[in-house]
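I have placed the structure first, in the form of structure tokens, so that the comments after it can refer back to it.
In what follows, chains are A, B, ... by sequence order, proteins preceding strands, each numbered from 1.
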Amino acid sequence: MDLPKKYNPQDAEQKWLASWDETGIYKWDETKSRDESFVVDTPPPTVSGSLHVGHLFSYSHQDFIVRFQRMMGKNIFFPIGWDDNGLPTERRVQNLLNVKCEAHLPYDPDFKAERGKKGDATPISRKNFVELCDEVIVDDEKAFKQLWTRLGMSYDWDQEYATINEHSRRTSQFSFLELLEKGEIYQDEKPVMWDVDFQTAIAQAELEDKERPAAYNFIRFGVEGSDEKLVVATTRPELLPACVAVLVHPEDERFKDFVGKNAVSPLFEVPVPIMADEKADPEKGTGVVMVCTFGDQTDVEWWQAFKLPLRQIIGRDGHLLPVEFVKAGEGGHEKDTHLEKMEDGRDVVRSLGAARMIPSLNPEKANSIYGTIQGKYTKQAQKLIIAAAEESGTVIDRPAENITHAVKFFEKGDRPLELVPARQWYTKIMDKKDELVGQGRKIKWHPEYMEKRYAHWVEGLNQDWCLSRQRYFGVPIPVWYRIDEHGEVCYDQRILPSVESLPIDPLSECPEGFTADQRDQPGGFTGDPDVLDTWATSSLSPQVASQWVNDKGRHQKLFPMDMRPQGHDIIRTWAFYTIVKAYLHEKEVPWHNVVLSGWILDPDRKKMSKSQGNVVTPEPLIDQFGADAVRYWAARARLGVDTSFDEKVFKVGKKLVTKLFNASKFAMGRFDDVPAEQLTPDKITVELDRAVIAELRPVIEKATAAFKEFDYAQALSLAEGYFWSVYCDNYLEMAKQRTYDEELTVGRLSACATLRLVHRALVRMMAPFIPYITEEVWGWAYADDADMAKSIHKSPWPTLDEFAAVEAPEHATSYDATVAVVDAIRRAKADAAVSMAAPVESAKITVAAGNVAAVEATLDDIQRMLKIETATVIAGEVENGLASVETVLAPVPAAE
RNA sequence: GGGCGAUUAGCUCAGUUGGUUAGAGCGCUGCCUUCACACGGCAGAGGUCACAAGUUCGAAUCUUGUAUCGCCCACCA
């Protein structure tokens with residue numbers, strides 16, 4: 001065998017990628033049964049995001065498990081998708097092509113965008129915009145594909161999908177329509193969490209708390225028919241004009257007498273009821289809370305509970321809306337909007353925005369003050385209100401107290417969320433929290449404690465899943481509405497598309513039976529302008545990959561899936577919503593296992609992320625260390641554990657690759673001239689060889705068990721430990737002298753068979769982690785074995801059966817006792833500062849009585865390894881129960 | 001404030017159901033140019049397992065509490 005002197009990872013990567021592609025070893029076989037398959041719900045990476053080493057890390061984890069399952073004989077379904085749906089792509093297209101989407105515009109089939117266009121953004125229709133997104137992401141997806149391929153991901157590229165492509169849109173819209181029909185989706189108009197910059201509603205899962213400085217302002221409210229004052233503490237004085245009530249705790253003696261009366265807000269002089277409620281905390285602020293529409297979630301709850309009027313002053317763009325204060329108590333003017341009970345029991349805000357009249361005792365003054373804040377952002381309005389209050393001299397009770405408190409933000413947003421009443425679509429989840437927790441329990445989480453995070457999230461949900469987003473690049477909500485003869489949109493008269501027609505864009509396509517010129521006309525129709533939350537589509541990744549909509553048989557074969565790999569940060573979104581969808585559609589769990597990777601932290605233990613500016617880009621790493629070494633680094637981290645980015649580990653990986661290359665080359669060179677047919681387990685007759693195989697058995701057993709439980713890190717550690725220490729450092733050294741025998745003696749045959757069979761097992765145990773070098777080495781000797789496959793990655797995972805014909809060593813302690821003796825002699829040589837190859841004239845070896853026979857059984861190998869002329873083994877007291885040795889070194893030959 | 005996780009050698013981490021002197025890699029020190037590999041080998045130094053109390057014949061491992069760090073949730077008057 002003529003083997004190369006050095007291993008070059010780059011060359012090997014190119015060579016084997018081409019080979020794997022050509023032979024199609026990673027292809028899913030559609031004809032195999034579900035039982036024989038292992039099905040993965042791969043996370044589609046956000047293609048417009050930047051790649052960093054964290055991606056290499058977590059994606060490698062999936063591949064370890066998949067490659068193990070493949071070697072276990074499973075038919076692997078390992079698709080790959082691209083998450084190109086949503087805001088990141090939308091922003092990229094806007095910047096790159098200088099366009100903006102205006103949903104109401106008609107589709108222009110001839111529109112062409114130019115890159116780098118200057119000047120004002122060109123307004124285009126939603127359909128045009130989506131088409132541009134499709135174009136832009138092609139390049140991103142190429143870059144990702146390149147990287148995943150090089151990393152050695154064993155994807156079946158025939159199963160590629162994208163979350164915005166036609167199939168995903170069709171699947172997502174189909175899901176929407178099916179759940180609508182089942183009554184699991186409804187439309188409602190109520191206060192929602194609203195981002196004033198993105199101008200869209202968002203869901204609870206997209207919230208992020210941020211600590212912000214604020215100040216308690218102590219503001220005096222008057223009490224009707226009394227000279228007394230009630231002092232309210234508020235961090236949001238700008239909402240004073242939106243105040244609809246004042247609340248105190250029912251048991252609070254200080255305020256008992258006020259309940260039932262009216263308070264009068266300062267500056268605007270709006271009479272509002274003083275009410276009692278348990279939720280008003282006497283300890284907080286002054287114990288008196290003003291209810292505004294809307295300062296926070298509690299305001300919404302009080303507003304609903306007490307049927308308070310709606311005084312919406314914050315607009316969807318974050319500016320203060322125009323309102324008019326009118327004389328209070330003069331009938332006919334009270335046009336505040338209210339919450340109404342619908343026939344189906346839901347509460348709905350009626351006549352939204354129709355009335356912006358607020359009753360005041362002094363409308364002239366109120367209008368004058370409001371005039372200074374109308375149209376301003378909330379922050380400016382706040383300053384102006386405080387200034388006005390200070391100016392009046394009677395409103396401020398005492399100086400403001402500075403505090404910091406958590407404020408809700410959209411996770412991608414820059415300004416706090418507002419609560420704004422709006423018509424949105426929801427998926428019902430509040431009514432099935434218990435069932436959803438139950439579904440989580442049916443799934444195995446790796447690591448296990450992650451299940452609690454899921455359960456806590458579900459238990460803590462306080463609202464249904466808001467599905468609609470007021471954005472452009474996404475899956476359109478497939479609904480049209482009738483418009484009545486007065487031009488009013490009738491939201492309860494929905495027109496739904498047929499399943500066959502999906503996907504549709506209701507803004508550019510007409511419902512059946514209508515023509516385009518009836519759009520937005522009295523008696524005609526209008527399309528729902530919103531798109532679905534990206535999670536509404538991402539949560540269908542199993543159904544998208546399984547072709548649920550198009551091929552029920554195929555879906556049956558793949559669903560529920562075996563494994564969902566993902567980050568723990570998106571348990572509340574991706575994992576949760578996927579569980580929701582699977583439950584709502586099929587009362588099923590989407591997968592049996594979730595495996596959660598940790599994060600990569602920079603050396604300062606901060607999460608690596610683009611916004612922190614501490615990312616390490618992946619390609620140079622692979623260039624420098626090779627894909628195998630990068631994967632090795634990933635494999636050392638257990639699931640769920642955050643890991644710091646440590647370049648030393650890449651070096652260790654590279655060393656392992658080199659060691660495997662060299663050790664393989666050497667080992668194979670030792671048995672190369674013996675026909676493989678002769679190197680069978682039954683030829684392993686020498687005590688040392690049997691002892692070494694006895695050491696291997698538990699390694700195979702434990703690594704297999706660990707891998708079955710998704711603990712790849714443990715499996716690697718076992719294989720690597722055995723390879724380096726037992727195989728290389730000890731066994732190769734001990735057995736190689738026997739392989740130098742000129743005759744094919746029984747001893748040489750036994751050593752060669754051991755070297756080959758153990759090596760053949762070890763290299764397979766490392767194949768899931770370092771697929772390139774193992775494939776390279778495999779090709780040298782084992783690709784033609786009858787019980788193996790051409791590719792190591794299609795060859796069977798090692799089992800004890802392969803060594804069943806090897807008898808156990810005569811002495812149970814053979815290996816340990818032998819190594820103890822070897823170590824003792826090595827120590828003696830090290831103490832004498834001579835080479836390990838230095839000859840020893842005689843050695844008197846003392847071991848525990850029980851080990852004498854064991855050591856004698858391997859003494860010949862020990863002597864040949866350490867060049868010992870004569871050796872005697874005696875029983876005696878030894879420290880640590882191992883071995884001690886007295887050696888007489890041979891005289892050093894005179895230098896020539 | 002509630003929950004989850006972590007705390008083991010200078011650094012990065014293993015330590016499976018409590019069991020003899022707590023491990024690995026890197027780094028460090030000394031030695032060995034041994035015919036697979038100097039991207040190597042051998043040997044060595046280095047730890048009161050965060051702290052305290054408890055259970056036990058025996059605790060890094062179990063219980064309780066404390067401290068520090070990380071994450072998630074709640075807290076927005």
So which nucleotide does B:U55 pair with, by the Watson-Crick or G-U wobble rule with both distances under 3.5 Å? none

Answer yes or no: does a side-chain N or O of A:Lys655 lie under 4.0 Å from OP1 or OP2 of B:C26? yes

With a cut-off of less than 4.0 Å, is there a side-chain N or O of A:Arg827 near OP1 or OP2 of B:G44? yes

Mind checking if A:Asp729 touches a base, just sugar-phosphate, or nothing, with heavy atoms under 4.0 Å? sugar-phosphate

May I ask you to verify if any side-chain N or O of A:Lys284 is less than 4.0 angstrom from the OP1 or OP2 atom of B:C76? yes

Picking from B:C76, B:A14, B:C4, which would you name as closest to the side chain of A:Tyr449? B:C4

By nearest-nucleotide position on RNA chain B, the 5'-leaning member of A:Asp711 and A:Tyr740 is A:Asp711

B:C39 phosphate, OP1 or OP2: any side-chain N/O from A:Lys6 under 4.0 angstrom? no

Winner on side-chain proximity to A:Val652, out of B:C32, B:A36, B:G25, is B:G25

Would you say A:Tyr727 and A:His759 are linked by a side-chain donor-acceptor pair, where the criterion is simply a distance under 3.5 Å? no

Ignoring hydrogens and angles, are the base of B:C71 and the side chain of A:Asp569 linked by a donor-acceptor pair under 3.5 Å? no

Identified pairing partner of B:U16, criterion: Watson-Crick or G-U wobble below 3.5 Å: none

Under a 3.5 Å limit on both distances, the Watson-Crick or wobble mate of B:A74 is none

B:C32 phosphate, OP1 or OP2, under 4.0 Å from A:Lys829 side-chain N/O: no

side-chain N/O A:Gln624 vs B:C39 OP1/OP2, d < 4.0 Å: no

Using the C1' atoms only, state how far B:A22 lies from B:G58, rounded to an integer number of Å. 15 Å

Between A:Lys6 and A:Asp11, is there a side-chain N and carboxylate O pair less than 4.0 Å apart? no

Using only modelled atom types and a 3.5 angstrom limit, is any donor from either the side chain of A:Thr658 or the base of B:C39 paired with an acceptor on the other? yes

Compute whether any side-chain donor of one residue and acceptor of the other, for A:Tyr449 and A:Arg453, lie under 3.5 angstrom apart. no

So, OP1 or OP2 of B:C71: does either fall under 4.0 Å of a side-chain N or O from A:Trp457? no

Of B:C4, B:A43, B:C37, the nucleotide closest to the side chain of A:Ala830 is B:A43

Please determine, for B:C11, whether a Watson-Crick or G-U wobble partner exists with both distances under 3.5 Å, and give it or none. B:G25

Answer yes or no: is there an ion pair linking A:Asp252 with A:Arg254, defined by an N-O contact shorter than 4.0 Å? yes

Nucleotide paired to B:G40 in any strand shown, Watson-Crick or G-U, under 3.5 Å: B:C32

When both hydrogen-bonding distances must be under 3.5 Å and the geometry is Watson-Crick or G-U wobble, what is B:A50 paired with, if anything? B:U66

Please tell me whether A:Asn851 and A:Thr813 have a donor and an acceptor in their side chains that are separated by less than 3.5 angstrom. yes

